[in-house]
**Student:** 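Structure below; questions to follow.
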Number of protein chains: 2
Amino acid sequence: MGELTKLRAAPAAKAKRAAPVRKEDLPLGKILAGDCVSAMRKLPDASVDLVFADPPYNLQLGGDLNRPDGSHVDAVTDDWDHFDSFALYDKFTRDWLIEARRVLKPDGALWVIGSYHNIYRVGAILQDLGFWILNDIVWRKTNPMPNFRGTRFTNAHETLLWCSQGEKAKYHFNYRAMKTLNDELQMRSDWVLPICSGGERLKDDTGHKAHPTQKPESLLYRVLLATTEAGDVVLDPFFGTGTTGAVAKRLGRDWIGCERESAYREVATKRIAKELPLDESALKTMQSRKNQPRVAFGAVVESGFLKPGTQVFDKKRRWIAKVRADGSIECGKVTGSIHGVGKDLQGAPSCNGWTFWHYEVDGDVKPVDAARQLYLLAVED
Amino acid sequence: MGELTKLRAAPAAKAKRAAPVRKEDLPLGKILAGDCVSAMRKLPDASVDLVFADPPYNLQLGGDLNRPDGSHVDAVTDDWDHFDSFALYDKFTRDWLIEARRVLKPDGALWVIGSYHNIYRVGAILQDLGFWILNDIVWRKTNPMPNFRGTRFTNAHETLLWCSQGEKAKYHFNYRAMKTLNDELQMRSDWVLPICSGGERLKDDTGHKAHPTQKPESLLYRVLLATTEAGDVVLDPFFGTGTTGAVAKRLGRDWIGCERESAYREVATKRIAKELPLDESALKTMQSRKNQPRVAFGAVVESGFLKPGTQVFDKKRRWIAKVRADGSIECGKVTGSIHGVGKDLQGAPSCNGWTFWHYEVDGDVKPVDAARQLYLLAVED
DNA sequence: GAAGGCAGTGAATCTGAAC
DNA sequence: TGTTCAGATTCACTGCCTT
């Protein structure tokens, strides 16, 4: 971070006190061709209310990857995602962030989405440039791709950074709208949303996905609803197939896109043309209810509501097993989950371990489900 | 990031080919006083299996920042100077990460926990030093503090980074134990755990919380269970009230702490003294089949668990092959190992013959893996 | 028509021991 | 150092086809 630190923050658009930009002078509803830095240079200072950016993640993939069933994973191998070094990626990032900063109004905001491959570099650089992080948001995917080789944790989330122009800068946050959207609870920094698939996923003529990393509209929906007003101008420097434009149009926001690839520009143009502004009542029904958390037996053990080493047994005490540290149980040579061991011992097709296994508390015998209820109570506070 | 990028990874402890460090020469179960950089300097190269670090987050919170030598940095909270404090924080971060890297074994791993105030700086710096991010983990708090002023999203998570020593470095991951802990589904990168409160939260004599940022034991439990083995040495450079030590002791891991504040050291010492290790059988976890001894198909045939001449077939009976005396199989003109024949017949990139091929026993159809399990049971006794 | 089986797929830094 | 090959490894959801 050395060099950057010396730069100090460009004072951003703050210094410009010229006449405010007229919306008529902006290329609203247009997708600018070329790389985003050149494209943004055509825009005046302090002219947009929000920048939403989904830059390349700089994934550094090894060889091919196959699923356990032998099928091939269609990975992101496009040239635009490849950088030879962190240094080059950092320069690329700095360049587009500087332009984004110039183009943003003093009370404008920046959103960037990324994964662990790039988001720590992006985050450090935007802080160096003077952006002020308001929240980091975790998009928790309901249906991520599994880790097929069993080598790491399933990479089940991506991260968004929401920033103002500086520590003292103003910004817009529709607190009430977010709270309403979230069943009258404050909207949290973790958002549970499915990935983009099914009918929403755009296909090319051959039926292949039109873009490798299309984002779900629900994500943009929440971003725009939370941090813009109707009539605001939203700029997306990495427009892709135009999710930002489509949702902006639906929500009555103006938009400007930048996109290098003509194929993506064409798909986006057609897509947005079909989009219609949504009426208010439809907006309200788009949010899904919060889903009941599943509780893993391991989580109950981990949290101490049932200690490793505890003996558990079925109601008739035909079998006695011992709880192990990882939430597996052991009964003689049979080990596994509470469900699997109960099933195998009984020779049954299935078994609900929560009600099958019991333990003793102060002389009482209780199903292990009682420990789950204690866990849920503690977690709910 | 300029300067750092040029540094590139110190080759870490890899270069050291000296005699492996003996555990007797390490200050196991001790809390080293002083700042963590000086304390870590007393430890030999390549001597610990895991570093878990919960460094100070205090960037924008009023200048409560300390240099590695323990001296206090004067508060610099005006926005003119906040880059100076970023630079100081970066230097502090780099210093302790470099020592952590030296002390870690080549196949050791690093965990760091942080919030959006510091984690982007930490992440970029550790990448610059050559650490390789394996996952970023989101600790999703079930009971976070609300945002009282309604100005932002409720900050409901913290981030952990899990890193190996480098892109090609080895590391340990107890995949099966994690899958078991999560009810037979892969453990994801988002962990839902309550914050530390209630009886677990340590209090001082006045009933005030003993430490402002005490982490829940469940968090450390999962970290240590996932990425260490019993007997491993865990180092925590920011020991605080010793959550890492307490959980390490419980799980049969050795630990070393560093802590500047004597008050925290005292609380931690008492706390850990009370902790009891789990007995060995409770510590057993589900093992990956990768760790099981390799069994040649020929050995299973040789031992009579699958007789030469037996017909084996895939689940849909598209192909039928015959087992030969040497453990090869024959399907028409295709002959070879169970894996190779399965692969060639399907035209697949690879094939696990143990689960692909089946045989009949008493009218039941079983994968040939069942014969391997019988063989393993017989051999174990 | 309903239900169930089967195939396909998504921002993925995805093996390692033996020779 | 590189090459070979045994063999370990997946979750949620969509959509088409069969029963």
Side-chain angles (χ1 to χ4, degrees), chain A residues 54-78 80-83 86 89 113-119 139 141-159 194-201 203 207-209 211-216 238 240, chain B residues 127 131-136 163-164 166-168 170-171 173 175-176 179 182-189 287-298 315-316 327 336-343 348-357 368-369 372:
Chain A
D54 181 11
Y57 288 7
N58 188 26
L59 299 183
Q60 295 157 62
L61 306 178
D64 281 359
L65 180 64
N66 295 300
R67 298 185 180 79
D69 66 5
S71 63
H72 184 255
V73 175
D74 186 13
V76 180
T77 51
D78 308 65
W80 51 253
D81 195 51
H82 181 78
F83 294 81
F86 277 143
Y89 187 79
I113 182 168
S115 66
Y116 67 86
H117 311 86
N118 69 324
I119 200 67
W139 167 26
K141 302 179 184 182
T142 55
N143 49 349
M145 186 158 59
N147 181 300
F148 297 117
R149 306 304 292 268
T151 54
R152 305 181 180 188
F153 298 97
T154 304
N155 191 10
H157 74 276
E158 295 188 24
T159 301
I195 61 175
C196 178
S197 65
E200 188 186 327
R201 189 82 195 210
K203 304 289 198 306
H208 191 257
K209 58 189 174 191
H211 192 284
T213 71
Q214 188 184 338
K215 295 294 175 289
F238 306 96
Chain B
Q127 285 182 313
F131 282 108
W132 193 250
I133 299 178
L134 297 166
N135 279 115
D136 58 347
C163 318
S164 68
E167 179 174 3
K168 309 288 184 193
K170 289 189 175 161
Y171 60 91
F173 180 51
Y175 174 75
R176 273 301 323 178
K179 191 167 173 176
N182 195 38
D183 269 6
E184 291 306 312
L185 287 178
Q186 287 191 339
M187 186 69 82
R188 300 167 37 118
S189 58
Q287 292 300 304
S288 165
R289 299 178 66 178
K290 284 176 194 169
N291 301 342
Q292 284 184 11
R294 283 165 87 103
V295 176
F297 185 66
K315 199 139 203 181
K316 293 185 189 165
S337 72
I338 50 172
H339 315 295
V341 172
K343 177 168 82 86
S350 71
C351 170
N352 182 344
W354 292 110
T355 50
F356 180 74
W357 295 106
V368 296
D369 190 52
R372 174 168 61 167

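Computed from a predicted model, the values in this text were never measured in an experiment. We name chains A, B, ... by the order of the sequence lines, and we start the count at 1 in each one.
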**Student:** Could you tell me how far apart A/Asp69 (CG) and D/dA8 (C1') are, to the nearest whole angstrom?
**Tutor:** 14 Å

**Student:** Kindly write out the residues that satisfy side-chain contact (heavy atoms from CB on, under 4.5 Å) with A/Cys196, not counting sequence neighbours, or none if the list is empty.
**Tutor:** A/Glu200, A/Arg201, A/Gln214, A/Pro216

**Student:** Hey, does the side chain of B/Lys316 come within less than 4.0 Å of C/dA7's phosphate (OP1/OP2), counting only N and O?
**Tutor:** yes

**Student:** Just how far, in rounded Å, is C1' of C/dG10 from NE2 of A/His211?
**Tutor:** 14 Å

**Student:** Could you check how far OH of B/Tyr175 sits from P of D/dC11, rounded to whole Å?
**Tutor:** 6 Å

**Student:** OP1 or OP2 of D/dG7 less than 4.0 angstrom from a side-chain nitrogen or oxygen of B/His339, does that happen here?
**Tutor:** yes

**Student:** Applying a 4.0 Å non-hydrogen cut-off, can you work out what B/Thr355 is touching in the nucleic acid: base, sugar-phosphate, or nothing?
**Tutor:** nothing

**Student:** Using whole Å, report how far CG of A/Asp81 lies from P of C/dA12.
**Tutor:** 11 Å

**Student:** Taking the same atom, C1', in C/dT13 and in D/dA12, what whole-Å distance lies between them?
**Tutor:** 23 Å

**Student:** Evaluate the side chain to side chain contact (heavy atoms under 4.5 Å, CB included) criterion for residues A/Asp74 and A/Lys209: first the C-alpha distance (whole Å), next the side-chain angles of each, then the deciding distance (0.1 Å), finally the verdict.
**Tutor:** CA-CA 10 Å; A/Asp74 186 13; A/Lys209 58 189 174 191; 3.3 Å; yes

**Student:** Roughly how far apart, to the nearest Å, are D/dG15 and C/dA11 at atom C1'?
**Tutor:** 23 Å

**Student:** For a quick test of reading the model: is some side-chain N or O of A/Arg201 closer than 4.0 Å to OP1 or OP2 of C/dA11?
**Tutor:** yes

**Student:** Work out how far the C1' atom of D/dC16 is from that of C/dG1, and round it to whole angstrom.
**Tutor:** 16 Å

**Student:** Please give, in whole Å, the distance from D/dG7 C1' to B/Arg289 CZ?
**Tutor:** 9 Å

**Student:** If I pick the C1' atom on C/dA7 and the same atom on D/dT10, what distance separates them, to the nearest angstrom?
**Tutor:** 15 Å

**Student:** What does B/Asn135 touch in the nucleic acid at a heavy-atom separation under 4.0 angstrom: a base, only the sugar-phosphate, or nothing?
**Tutor:** nothing

**Student:** What's the closest nucleotide to the side chain of A/Thr213 if the choices are C/dA12, C/dT13, C/dA11?
**Tutor:** C/dA11

**Student:** Name all stems that contain residues of DNA chain C, defined as runs of 3 or more consecutive Watson-Crick or G-U wobble pairs, both distances under 3.5 Å.
**Tutor:** C:2-10 with D:11-19, C:15-19 with D:2-6

**Student:** Using a 4.0 Å heavy-atom cut-off, does A/Asn155 contact any base of the nucleic acid, only the sugar-phosphate backbone, or nothing at all?
**Tutor:** sugar-phosphate

**Student:** Please step through side chain to side chain contact (heavy atoms under 4.5 Å, CB included) for the pair A/Trp139 and A/Thr159, ending with a clear verdict.
**Tutor:** CA-CA 6 Å; A/Trp139 167 26; A/Thr159 301; over 6 Å; no

**Student:** Taking for each residue the nucleotide of DNA chain D with the nearest heavy atom, is it A/Thr154 or A/Gly198 whose nucleotide lies nearer the 5' end?
**Tutor:** A/Thr154

**Student:** Report which part of the nucleic acid A/Pro216 touches: base, sugar-phosphate, or nothing (heavy-atom distance under 4.0 Å, all strands).
**Tutor:** nothing

**Student:** What nucleic acid atoms does B/Lys179 come within less than 4.0 Å of, heavy atoms only: base, sugar-phosphate, or nothing?
**Tutor:** sugar-phosphate

**Student:** Taking atom types as modelled and ignoring hydrogens, do the side chains of A/Asn118 and A/Tyr89 form a donor-acceptor contact shorter than 3.5 angstrom?
**Tutor:** yes

**Student:** Would you mind building the protein contact string for nucleotides 14-19 of chain C? One character per nucleotide, 5' to 3', B for base within reach (heavy atoms under 4.0 Å), S for sugar-phosphate only, - for untouched.
**Tutor:** BB-S--

**Student:** Look at the side chain of A/Arg67 and the base of C/dG8, then say whether one donor and one acceptor between them are separated by less than 3.5 Å.
**Tutor:** no

**Student:** Determine the contact category for A/Asn58: base if any of its heavy atoms lies under 4.0 Å from a base atom, sugar-phosphate if only primed atoms, P, OP1 or OP2 are that close, otherwise nothing.
**Tutor:** nothing

**Student:** Could you tell me whether B/Arg372 contacts a base, only the sugar-phosphate backbone, or nothing, with contacts defined as non-hydrogen atoms closer than 4.0 Å?
**Tutor:** sugar-phosphate

**Student:** In whole angstrom, give the distance that lies between atom NZ of B/Lys315 and atom P of C/dC6.
**Tutor:** 10 Å

**Student:** Using only heavy-atom distances, determine whether the side chains of A/Ser115 and A/His117 contain a donor-acceptor pair under 3.5 Å.
**Tutor:** yes

**Student:** Please classify the glycosidic conformation of D/dT4 as syn (within 90° of 0) or anti (everything else).
**Tutor:** anti

**Student:** Within the structure shown, what part of the strands sits under 4.0 Å from A/Pro144 by heavy-atom distance: base, sugar-phosphate, or nothing?
**Tutor:** base

**Student:** Could you work out which one of D/dT10, C/dA11, D/dT14 sits closest to the side chain of B/Gln186?
**Tutor:** D/dT10

**Student:** Decide side chain to side chain contact (heavy atoms under 4.5 Å, CB included) for A/His72 and A/Leu65; before the verdict, give the C-alpha distance in whole Å, the side-chain angles of both, and the deciding distance to 0.1 Å.
**Tutor:** CA-CA 6 Å; A/His72 184 255; A/Leu65 180 64; over 6 Å; no

**Student:** Would you say A/Ser197 places a side-chain N or O within less than 4.0 Å of OP1 or OP2 belonging to D/dT14?
**Tutor:** no

**Student:** Could you walk me through whether A/Glu158 and A/Tyr57 pass the side chain to side chain donor-acceptor pair (under 3.5 Å) test, one step at a time?
**Tutor:** CA-CA 11 Å; A/Glu158 295 188 24; A/Tyr57 288 7; 2.5 Å; yes

**Student:** Within the 4.0 Å heavy-atom criterion, would you say B/Glu167 contacts the bases, only the backbone, or no part of the nucleic acid?
**Tutor:** nothing

**Student:** Counting any heavy atom closer than 4.0 Å, what does B/Leu134 reach on the DNA or RNA strands: base, sugar-phosphate only, or nothing?
**Tutor:** nothing

**Student:** Would you mind reporting whether A/His157 and B/Asp136 have side-chain heavy atoms less than 4.5 Å apart?
**Tutor:** yes

**Student:** Under 4.0 angstrom, heavy atoms only, what part of the nucleic acid is A/Ser115 near: base, sugar-phosphate, or nothing?
**Tutor:** nothing

**Student:** Verify whether the ring centers belonging to B/Trp132 and B/Tyr171 lie closer than 6.0 Å.
**Tutor:** no

**Student:** Give the nucleotide from the list C/dT13, C/dA11, C/dT9 with an atom nearest to the side chain of A/Lys141.
**Tutor:** C/dA11

**Student:** Which nucleotide wins on minimum distance to the side chain of A/Tyr116, given the candidates D/dT10, C/dT13, C/dA11?
**Tutor:** C/dT13

**Student:** CG of A/Asn66 versus C1' of C/dA12: gap in Å, rounded?
**Tutor:** 13 Å

**Student:** Is there a donor-acceptor pair closer than 3.5 Å between any side-chain N or O of A/Asp69 and the backbone N or O of A/Ser71?
**Tutor:** yes

**Student:** Quick one: which of C/dA11, D/dT9, C/dA7 gets closest to the side chain of B/Ser288?
**Tutor:** D/dT9

**Student:** Hey, does the side chain of B/Gln186 reach the backbone of A/Asn147 with a donor-acceptor pair shorter than 3.5 angstrom?
**Tutor:** yes

**Student:** Regarding A/His82 and A/Asn58, do their side chains bring together a donor and an acceptor under 3.5 Å, going by distance alone?
**Tutor:** no

**Student:** Whole angstrom is fine here: how far is it from CD1 in A/Ile119 over to P in C/dT13?
**Tutor:** 15 Å

**Student:** Which is it for B/Ile338 and B/Trp354 under the side chain to side chain contact (heavy atoms under 4.5 Å, CB included) test, yes or no, and what are the steps along the way?
**Tutor:** CA-CA 7 Å; B/Ile338 50 172; B/Trp354 292 110; 4.0 Å; yes

